[in-house]
2 protein chains.
Amino acid sequence: MNNTLTPPSRTIADLKAAIRNEARRVTSYDVATAAGVSQSAVSRCFKPGASVSKATFARVMQAAQDLDYTPNAAARSLITRRSNLVAVVISNQVTLHYPEVLSELSRQFGMRGMRILLFSLANEADVDQTLTEVWQHQVDGVVVAARLSPVQLAEFERRQIPFVLFNRSAREHNVNAIVCDQQEAARLMVSRLAAAGHKRFAMIDGPAGSSIAHERRRGVAERLAEIGLDAPLMVSGAFDYASGLHGMREIVVRLGYVPDAIICGNDVMAIGCLDTARHEMKLNVPEQLSITGFDGIAPAGWLSYNLTTLRQPMQHMTTAVAEMLTALIRDGSRGAERKLFPATVVDGATARLGPAG
Amino acid sequence: MNNTLTPPSRTIADLKAAIRNEARRVTSYDVATAAGVSQSAVSRCFKPGASVSKATFARVMQAAQDLDYTPNAAARSLITRRSNLVAVVISNQVTLHYPEVLSELSRQFGMRGMRILLFSLANEADVDQTLTEVWQHQVDGVVVAARLSPVQLAEFERRQIPFVLFNRSAREHNVNAIVCDQQEAARLMVSRLAAAGHKRFAMIDGPAGSSIAHERRRGVAERLAEIGLDAPLMVSGAFDYASGLHGMREIVVRLGYVPDAIICGNDVMAIGCLDTARHEMKLNVPEQLSITGFDGIAPAGWLSYNLTTLRQPMQHMTTAVAEMLTALIRDGSRGAERKLFPATVVDGATARLGPAG
């Protein structure tokens, strides 16, 4: 086993005993000692793209294997100032009802050699406490799928931590963001419903703290006003199935009749609304009532639903957020960029739609 | 602004300029210099529960604020050997079709001051490459929701990294695991279907690499054999909706008739199977055909489905995995523990069930 590239096994055994006695991890210095090279040579061997001779590389790899050394990401991050960790701050409402988002983010960052440190929020209002914790981890960047206050935005700038808002906007502030145009999507759906003759609208709205819900609601209200129709009855929901069930009942009770169309703030609520309309109220959808959603999640396409909805181009959006954040980390900021993606209408089986524009 | 607890602002300004010139982060040593205390005093101030005088604490906090210092988790982890990071290795199939798992794990570890570093696998067979990456991060422990080979299990032991298998078993090996008893659950469902007179069974199975699929399949086959019924026709699926659709068609084509009951390897496939049976084949479920799932995911409870299924006690299981891993990290191992949780039958609207045992 002893050849010219391997130090005498006595040295290795001694080193191992010493490390065990000190109850510590094997360091790059130990590997350097065992290999008879400098610590910086060991460091170069574990750095992609760094220059090192073949002989040195072989000695170092043998010593690393003998000592059972794995380069330590935490130690390396202190030197390179790169941890290859990206914090993702996201609400449970998104993760539970639109799991593709997290899977795609993980895949996209993974392809770029980065890992996701997950900060999930019970609701978006918890973001303040979560950020305090984010600051303690040496992440290279942050994806924020939650609404940030101006103070929170300023804190990111002050700390010079690269970040991208994901599907949240801060129009008034100059920040990097990847967003689907919720307002335009909402306007489009109203136009196509109105073109098919729907006049009396109701809406099951998302939760108060959600900026996505806010924009969808605003788009619906503005477009209805523009085309001279009455303001919709608004009932509030929490983006979950039960909100759709209760919302449907509340609408009928409060109006005293079934409206022409109910626009729901997301697909999961639309599914709850649809199930109540069909199974509890025995309504024909879409003959008696049109119901629409937002998002384009997988269950919306299941045969029992075939929901008429607005699909966000989630794969393009997650690719864009990974690309944008990676570039920010690598090259620094060159002024804020806001990439806007349009949603597309999925002409399903739950609403009568007229022609576009 | 100058009081006895604040060093002259000249010192702070000088220090800041020096740090800026060296283009480096503020360290605890800088804070110590500014506060006129030792580095270890600064360190104690940021360590929960450590002893430090009020006056020192105030000086250090003021200096930290002046210098804009945040204790660095990476640096601290080199000293304390605790990163408060837990790696979660989980397949996309779980995350996409059972998002509650990841949300609950994140919540449970968050309550214990730990964060999740997410390693999602396109399929469970990719676990080898992923583990190589896990070793590079100084995580305190690992939750593995994927099947590990004996070699991979040995590697965990060798590196002395605390880990818990989540809903995966390694019966032959002595490892810590939190599992739902898939096999017993499968046996229970077969018994209750048989008690209602079902004789001809088929099964839409999960993917080959999944140990959960394996155990569910085994439970079904064993119990049918025990009670003297024919082995079920097995068709393979990938745990997704499309597999349920295609599986239903394949079963009817291959058998030439509609069986009495189809047991699906998870809820999402059962939903696909059910939609095909009802909407495409116009079958009455459960009058002509019983269909059952596994998992107890949210959509299984939606009114359009009301699926007969087996519910895993996910909240108890995620609590248990967080408790077990936290104890292992804190106290070390005291021999392997395997906690087994029973699934409960959800007597929904898609199968005719007889009495238990």
Side-chain angles (χ1 to χ4, degrees), chain A residues 24-25 68 70-78 81 83-85 87-88 92 95-100 102-103 105-107 109-110 113 115-120 122 130 132-138 158-159 240-241 245 268 271-272 274-276 278-280 298-299 301-306, chain B residues 24-25 68 70-78 81 83-85 87-88 92 95-100 102-103 105-107 110 113 115-120 122 130 132-139 158-159 240-241 245 268 271-272 274-276 278-280 298-299 301-306:
Chain A
R24 61 175 176 83
R25 281 171 189 265
D68 194 18
T70 306
N72 182 323
R76 196 168 45 205
S77 83
L78 288 178
R81 299 206 206 134
S83 60
N84 292 322
L85 295 183
V88 172
N92 275 341
T95 313
L96 284 175
H97 301 132
Y98 206 169
E100 294 90 331
L102 197 56
S103 283
L105 284 176
S106 173
R107 199 174 69 85
F109 280 107
R115 283 291 157 191
I116 283 179
L117 194 55
L118 183 60
F119 294 84
S120 52
T130 301
T132 319
E133 223 199 304
V134 171
W135 309 141
Q136 298 212 8
H137 292 276
Q138 196 173 13
R158 201 177 65 77
R159 291 176 179 270
D240 61 348
Y241 181 79
L245 292 182
V268 176
I271 286 170
L274 183 60
D275 275 347
T276 307
R278 281 186 177 154
H279 299 288
E280 195 178 295
W302 293 350
L303 286 175
S304 289
Y305 298 115
N306 194 4
Chain B
R24 61 177 176 82
R25 283 172 187 264
D68 192 17
T70 305
N72 183 325
R76 197 170 42 206
S77 82
L78 289 178
R81 300 207 206 134
S83 60
N84 293 322
L85 295 183
V88 172
N92 275 341
T95 314
L96 285 173
H97 301 131
Y98 206 168
E100 295 88 335
L102 197 56
S103 285
L105 284 175
S106 173
R107 199 174 70 85
R115 283 291 159 190
I116 282 179
L117 193 57
L118 182 61
F119 293 84
S120 52
T130 302
T132 318
E133 224 197 306
V134 170
W135 311 139
Q136 299 211 6
H137 293 276
Q138 196 172 14
V139 294
R158 200 175 66 77
R159 291 176 179 272
D240 61 347
Y241 181 79
L245 291 182
V268 176
I271 286 170
L274 183 60
D275 276 348
T276 307
R278 280 185 178 154
H279 299 289
E280 197 179 293
W302 294 351
L303 287 176
S304 290
Y305 298 116
N306 193 3

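Throughout, protein chains are lettered first and strands after them, A, B, ... in sequence-line order, and every chain is numbered starting at 1. A quick note: this is a predicted structure, and the numbers were derived from the prediction, not measured.
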Check the pair B/I116 / A/L117 against side-chain contact (heavy atoms from CB on, under 4.5 Å), numbers first and verdict last. CA-CA 6 Å; B/I116 282 179; A/L117 194 55; over 6 Å; no
Measure from the side-chain N and O atoms of B/S103 to the backbone N and O of A/N92, and report whether any donor-acceptor pair falls under 3.5 Å. no
Do A/R115 and B/L118 have side chains that approach each other closer than 4.5 Å (heavy atoms only, starting at C-beta)? no
Which one, A/D240, A/L85, A/L102, leads in non-hydrogen pairs under 4.5 Å with chain B? A/L85
Check each atom of B/R159 against the heavy atoms of chain A and say whether the ones under 4.5 Å are side chain, backbone, both or neither. side chain
Below 4.5 Å, heavy-atom pairs only: which of A/S120, A/S304, A/G301, A/P99 has the largest tally toward chain B? A/S304
Portion of B/Y98 that has a non-hydrogen atom of chain A nearer than 4.5 angstrom: neither
Angle between ring planes, A/Y305 versus B/W302, binned at 30° and 60°: parallel, tilted or perpendicular? perpendicular
Heavy-atom distance under 4.5 Å to chain A: side chain of B/L274, backbone, both or neither? neither
pair A/D275-A/Y241: side-chain heavy atoms closer than 4.5 Å: yes
Largest heavy-atom contact set with chain A, pairs under 4.5 Å, which of B/R158, B/E100, B/R107, B/H97: B/R158
Which answer fits A/F109, side chain, backbone, both or neither, if we ask what part of it has an atom under 4.5 Å from a heavy atom of chain B? neither
Do B/L303 and A/L245 pass the side-chain contact (heavy atoms from CB on, under 4.5 Å) test, and can you show the C-alpha distance, the side-chain angles, and the key distance before you say yes or no? CA-CA 10 Å; B/L303 287 176; A/L245 292 182; 4.0 Å; yes
